[in-house]
Amino acid sequence: MAEKITPRSTSYSDWYIDIVTQAKLADYSPVKGSMVIRPRGYALWEKIQGTLDRMFKETGHSNAYFPLLIPQGFLQKEAEHVEGFAPELAVVTHGGGAELDEPLVIRPTSETIIWAMYKKWIQSYRDLPLLINQWANVVRWEKRTRLFLRTTEFLWQEGHTAHSTKEEAVEETKRMLDVYRTFAEEYMAVPVLTGVKSESEKFAGAVDTYAIEALMQDKKALQAGTSHFLGQNFAKAFDVTFQNKEGGLDHVWATSWGVSTRLIGALIMAHSDDNGLVLPPRLAPTQAVVVPIFKTSNKEQVLDYANGIFQEIRKTLGTEFNRVILDDDEANSPGWKFAEWEMVGVPVRVELGPRDMENKKVVLVRRDTREKEFVDASAAPARIKELLEEIQQNLYQKALAFRQENTFAANTYDEFKAYFDGEGGGGFVTAPWNGDAGIEAKIKEETKATIRVLPFGNEEQALGKTCIFSGEPAKYLAVFAKAY
RNA sequence: CGGGAUGUAGCGCAGUGGCUAGCGCGCCUCGUUCGGGACGAGGAGGCCGCGGGUUCGAGUCCCGCCAUCCCGACCA
């Protein structure tokens, strides 16, 4: 009965799938490459959404909703954009029983339809900046899919802003990247590298793409969020101009930025273990579960005791639905419940039975280390609150230490290759690079490693160094990794 | 798009041309249990992926199709 989770050491990829399915986060749908997000997975997404949504609003953005279907011609207006997305488009050719005059594409991202609308809405510098976000689903026809990390349809948020100056747009791009970094580190407990994407890795249609990159437990990198400076590319493609203070006409400057349900994949792969999901308390839909241990003869007394403590904990942690759960189910044994709640990643488990009742104690078990502690019942709610904070910090520190242990600097190409060699190979490897895309492609072919990010301001640090791939003067200190 | 695998009960699987298709888990009922995935008894549950063919007889053999998963190339 115990649905086992494949240990990470046996197969990281099977482990990941087992976590997702056994913790009931998602399930395969009948359509290839798409998935159903189940209530536990969706609750997690709602936590992510709620937090980010607040952060977006605090930085001045408003939500809106743009339609799913986009005229095919819109995509074609921006040359690089269409080229980048053409292979991934789902196209609707029929509607209402008849063939459409112009096919519609299901949005792979919404720049085009949004900029078609911005053209109508922006006339003057007084209309700027325009700061809009939308929560939506998008479809990208992927050849190879993986639950949460890459599915044909996924949920995300996409911010689209319009500005009167380049400086302001660049500032916005960086601001939102910083929002993502803060969110990843403080809520997801996942440390991230930030920086610029290389030319070949950037978003189709962007001038610059900034990203946050996280290291997973298998030493592969995961791009967890992107923020794009779009320059005037879309403004020009859609002819969006505004009248400036001096009365002249300028094209609008743009940004876009997004994170997706992929973040759930990042959470799983950053923290979870062979016993199941491990969630950072700030995002855990359920932070604590109370498991009473009773038999028929003492059921009432124990449940009474448990319920009293449960109510006290609720007062401390909040009464939000499911934030604290009392598992008084009679069908399953305590041992079964322990394993089950560990599997689904509840950060703190409160065990209490007749012995605890006698001593006015409870047992607290933290999910991250699985350590038990015995505390006075009256002190439990406050201690749980502390524990949640400790777990949050511990997860971050563990992930940070892991990243540090797996971050290297390569001085020669041989050394570089050695870091990515074999089963245990991987991590972030920094190397001086001359900026040549051909070399980047060759490295990818030979080692599977790609440039994840060019850390901000690292051109200066690269000064005087030699590109270890070409022998030419280095332009950047690039961070390489094998990536998802 | 290439390579590999798999389609039999809700899930995981067994089934060597021959009777009424099985096992484990889960599910339902009753009882006993209950401090790390309890036990007994009794039950319910099947278009054997789909379509052809061979055969007295096909889950099993042959042909075709479909689907999904995993691994690679392309991508958040």
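Chain letters run A, B, ... following the sequence lines, proteins first and then strands; every chain starts at 1. For clarity, every value in this text was computed on a predicted model and none was experimentally measured.
- Which of B:rG36, B:rA76, B:rG37 sits closest to the side chain of A:E340 comes down to B:rG37.
- Atom-to-atom, CD of A:E330 to C1' of B:rC34 comes out at 11 Å; the value is rounded to the nearest Å.
- In this structure, B:rU33 forms no base pair with any nucleotide, since neither Watson-Crick nor G-U wobble geometry is met with both distances under 3.5 Å.
- For A:M35 and B:rU68, the CE to P distance is 16 Å, given to the nearest whole Å.
- Nucleic acid contact for A:T151: base, since at least one base atom lies under 4.0 Å from a heavy atom of the residue.
- Positionally, the nearest nucleotide of RNA chain B for A:A339 lies more toward the 5' end than for the other of A:K32 and A:A339.
- A:Y413 carries A:K417 over the face of its six-membered ring, with the cationic atom under 6.0 Å from the centre and within 45° of the normal.
- No hydrogens or angles were tested; on distance alone, nothing pairs the side chain of A:N332 with the base of B:rG37 as donor and acceptor under 3.5 Å.
- Considering A:K202, A:E199, A:H228 as possible partners of A:T209, the one that fulfils the side chain to side chain donor-acceptor pair (under 3.5 Å) test is A:H228.
- Among the heavy atoms of the strands lying under 4.0 Å from A:D356 is at least one base atom, whether or not backbone atoms are also near.
- Within the structure, every side-chain polar atom (N or O) of A:Y12 is placed at least 4.0 Å from both OP1 and OP2 of B:rC71.
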Could you give the side-chain donor-acceptor pairs of residues 290-299 of chain A under 3.5 Å, partners two or more places apart or in another chain?
{"from": "A:N298", "atom 1": "OD1", "to": "A:K295", "atom 2": "N", "distance (Å)": "2.7"}
{"from": "A:K299", "atom 1": "NZ", "to": "A:E330", "atom 2": "OE1", "distance (Å)": "3.3"}
{"from": "A:K299", "atom 1": "NZ", "to": "A:E330", "atom 2": "OE2", "distance (Å)": "2.9"}

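- Residue A:W336 and nucleotide B:rA38 are not classified as a stacked aromatic pair, given the requirement of ring centres less than 5.5 Å apart at an interplanar angle below 30°.
- Across all strands, A:V259 comes closer than 4.0 Å to no nucleic acid atom at all (heavy-atom distances).
- Note: CZ (A:R144) to C1' (B:rC70) measures 8 Å, nearest angstrom.
- A donor-acceptor contact under 3.5 Å links the side chain of A:R349 to the base of B:rG36.
- Distance noted for atom C1' between B:rU16 and B:rG35: 49 Å (whole Å).
- Distance noted for atom C1' between B:rC50 and B:rG37: 39 Å (whole Å).
- Contact check, A:K337 against B:rA38: no side-chain N or O comes under 4.0 Å of OP1 or OP2.
- The existence of a salt bridge linking A:E213 and A:K197 is confirmed by a sub-4.0 Å separation between a basic side-chain nitrogen and an acidic carboxylate oxygen.
- If you check residues 269-296 of chain A against RNA chain B, the residues with a heavy atom closer than 4.0 Å are A:I293, A:F294, A:K295, A:T296, listed by number.
- Base pairing of B:rU6 is made with B:rA67, judged by Watson-Crick or G-U wobble geometry with both donor-acceptor distances under 3.5 Å.
- Regarding contacts with the backbone of B:rA76, every side-chain N or O of A:S260 stays at 4.0 angstrom or more from both OP1 and OP2.
- Rounded to an integer number of Å, the gap from A:L303 CG to B:rC34 P is 15 Å.
- Distance noted for atom C1' between B:rG49 and B:rU8: 10 Å (whole Å).
- With rounding to the nearest 0.5 angstrom, the CZ atom of A:R314 is 10.5 Å from the CD1 atom of A:I325.
- Across all strands, A:G33 comes closer than 4.0 Å only to sugar-phosphate atoms, never to a base (heavy-atom distances).
- The separation between A:E88 atom CD and B:rA76 atom C1' is 9 Å, rounded to whole Å.
- Partner assigned to B:rG72 is B:rC1, using Watson-Crick or G-U wobble distances below 3.5 angstrom.
- One cannot find a donor-acceptor pair under 3.5 Å joining the base of B:rG72 and the side-chain atoms of A:K143.
- Shown here, B:rC23 forms a base pair with B:rG12; the pair counts as Watson-Crick or G-U wobble because both key distances fall under 3.5 Å.
- A:R146 has its CZ atom 17 Å from the P atom of B:rC74, to the nearest Å.
- Nucleotides B:rA21 and B:rA9 place their C1' atoms 11 Å apart, quoted to the nearest Å.
- Among the protein residues, A:I17 comes within range of the sugar-phosphate backbone only, with heavy atoms under 4.0 Å from sugar or phosphate atoms but none that close to a base.
- In this structure, B:rG46 forms no base pair with any nucleotide, since neither Watson-Crick nor G-U wobble geometry is met with both distances under 3.5 Å.
- A:F154 comes within 4.0 angstrom of a base, heavy atoms only.
- Here A:E142 lies in heavy-atom contact (under 4.0 Å) with a base.
- Checking B:rG17 for Watson-Crick or G-U wobble geometry (two distances, each under 3.5 Å) identifies no partner in any strand.
- When the salt bridge (charged side-chain N to carboxylate O under 4.0 Å, His left out) test is applied to A:D274, the partners found at least two apart in sequence or on another chain are A:R8.
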N/O donor to acceptor pairs below 3.5 angstrom from side-chain atoms of residues 254-266 of chain A, sequence neighbours left out:
{"from": "A:T255", "atom 1": "OG1", "to": "A:T161", "atom 2": "OG1", "distance (Å)": "2.5"}
{"from": "A:T255", "atom 1": "OG1", "to": "A:W257", "atom 2": "NE1", "distance (Å)": "3.2"}
{"from": "A:S256", "atom 1": "OG", "to": "A:E111", "atom 2": "OE2", "distance (Å)": "2.7"}
{"from": "A:S260", "atom 1": "OG", "to": "A:R262", "atom 2": "N", "distance (Å)": "3.0"}
{"from": "A:T261", "atom 1": "OG1", "to": "A:L155", "atom 2": "N", "distance (Å)": "3.4"}
{"from": "A:T261", "atom 1": "OG1", "to": "A:L155", "atom 2": "O", "distance (Å)": "3.3"}
{"from": "A:R262", "atom 1": "NE", "to": "A:L149", "atom 2": "O", "distance (Å)": "3.1"}
{"from": "A:R262", "atom 1": "NH1", "to": "A:Q223", "atom 2": "O", "distance (Å)": "3.1"}
{"from": "A:R262", "atom 1": "NH2", "to": "A:L149", "atom 2": "O", "distance (Å)": "3.4"}

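- Straight-line distance between the P atoms of B:rA44 and B:rG22: roughly 13 Å, to the nearest whole Å.
- The separation between A:R355 atom CZ and B:rG36 atom C1' is 13 Å, rounded to whole Å.
- Along RNA chain B, the nucleotide nearest A:P87 and the nucleotide nearest A:T145 are compared for position; the residue whose nucleotide lies closer to the 5' end is A:T145.
- Here A:R370 lies in heavy-atom contact (under 4.0 Å) with a base.
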Acceptor/donor pairs from residues 71-93 of chain A side chains to any protein atom, 3.5 angstrom cut, sequence neighbours excluded:
{"from": "A:E78", "atom 1": "OE1", "to": "A:E80", "atom 2": "N", "distance (Å)": "3.2"}
{"from": "A:E78", "atom 1": "OE1", "to": "A:H81", "atom 2": "N", "distance (Å)": "2.9"}
{"from": "A:H81", "atom 1": "ND1", "to": "A:A204", "atom 2": "O", "distance (Å)": "2.9"}

Using atom types as modelled, flag every donor-acceptor pair under 3.5 Å from a side chain in residues 10-18 of chain A to any protein atom, sequence neighbours excluded.
{"from": "A:S11", "atom 1": "OG", "to": "A:D14", "atom 2": "N", "distance (Å)": "3.0"}
{"from": "A:S11", "atom 1": "OG", "to": "A:D14", "atom 2": "OD2", "distance (Å)": "3.4"}
{"from": "A:Y12", "atom 1": "OH", "to": "A:M269", "atom 2": "O", "distance (Å)": "3.2"}
{"from": "A:W15", "atom 1": "NE1", "to": "A:D273", "atom 2": "O", "distance (Å)": "3.1"}
{"from": "A:Y16", "atom 1": "OH", "to": "A:L147", "atom 2": "O", "distance (Å)": "2.7"}
{"from": "A:D18", "atom 1": "OD2", "to": "A:T6", "atom 2": "N", "distance (Å)": "2.8"}
{"from": "A:D18", "atom 1": "OD2", "to": "A:T6", "atom 2": "OG1", "distance (Å)": "2.6"}

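- Following rounding to the nearest Å, A:K448 (NZ) and B:rG72 (P) show an atom-to-atom distance of 8 Å.
- Taking the charged nitrogens against the carboxylate oxygens, A:E185 and A:R181 do have a contact shorter than 4.0 Å, which makes a salt bridge.
- Comparing B:rC34, B:rC70, B:rG36 by their closest approach to the side chain of A:Y28 singles out B:rC70.
- Under the 4.0 Å criterion applied to side-chain N and carboxylate O atoms, A:D376 and A:K361 are assigned as salt-bridge partners.
- The pairing partner recorded for B:rG57 is none, the criterion being a Watson-Crick or G-U wobble arrangement whose two distances lie under 3.5 angstrom.
- At a threshold of 4.0 angstrom between heavy atoms, the contacts of A:K299 with the nucleic acid are absent.
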